[in-house]
Amino acid sequence: MIVKINAEDVVVDENMTVAALLQSLGYPDRGIAVAVDQAVLPRSRWATTLSDGADIEVVTAVQGG
């Protein structure tokens, strides 16, 4: 199935969870926020299975000055 991650189409397996997707794309375990279909998804719900056509935004926290 196809999902959109930060405005790019990505092919993923059916039954892929948010957590598994983030891990497969190399995102860190901490310091990120995720929204699915324009709704912030708390870390406690990252076991949620993605649906075809889901629109996912991943934001990484950056420290600096």
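Just so it is clear, the structure is predicted and the values come from calculations on it, not from any experiment. We use all heavy atoms of the structure for the numbers below, so side chains are in, but hydrogens, waters and symmetry mates are not.
The side-chain heavy atoms of Thr48 and Arg45, taken from C-beta on, include a pair separated by under 4.5 Å. For the pair Val34 and Val40, the minimum side-chain heavy-atom distance is 4.5 Å or more.
A continuous path of hydrophobic side-chain contacts links Ile32 to Val12 [ILVMFWY only; heavy atoms under 4.5 Å]. In the hydrophobic clustering of ILVMFWY residues, with side-chain heavy atoms under 4.5 Å counting as a link, Val59 and Trp46 come out apart.
In this structure, Ile2 belongs to a hydrophobic cluster whose other members, linked by side-chain heavy atoms under 4.5 Å apart, are Val11.
With respect to Lys4 and Asp9, a salt bridge is recorded, a charged nitrogen being found less than 4.0 Å from a carboxylate O.
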Side chains of residues 17-24: which donor-acceptor partners sit under 3.5 Å, not counting sequence neighbours?
unit_1	atom_1	unit_2	atom_2	d
Thr17	OG1	Ala20	N	3.0
Ser24	OG	Ala20	O	3.4
Ser24	OG	Leu21	O	2.8

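In terms of modelled atom types and a separation under 3.5 Å, the side chain of Asp37 and the main chain of Asp55 share a donor-acceptor contact.
Nearest heavy-atom pair across Met1 and Glu14 is CE-CA, 4.1 Å.
Annotation: the span from Ile5 atom CD1 to Ile56 atom CD1 amounts to 5.0 Å, rounded to 0.5 Å.
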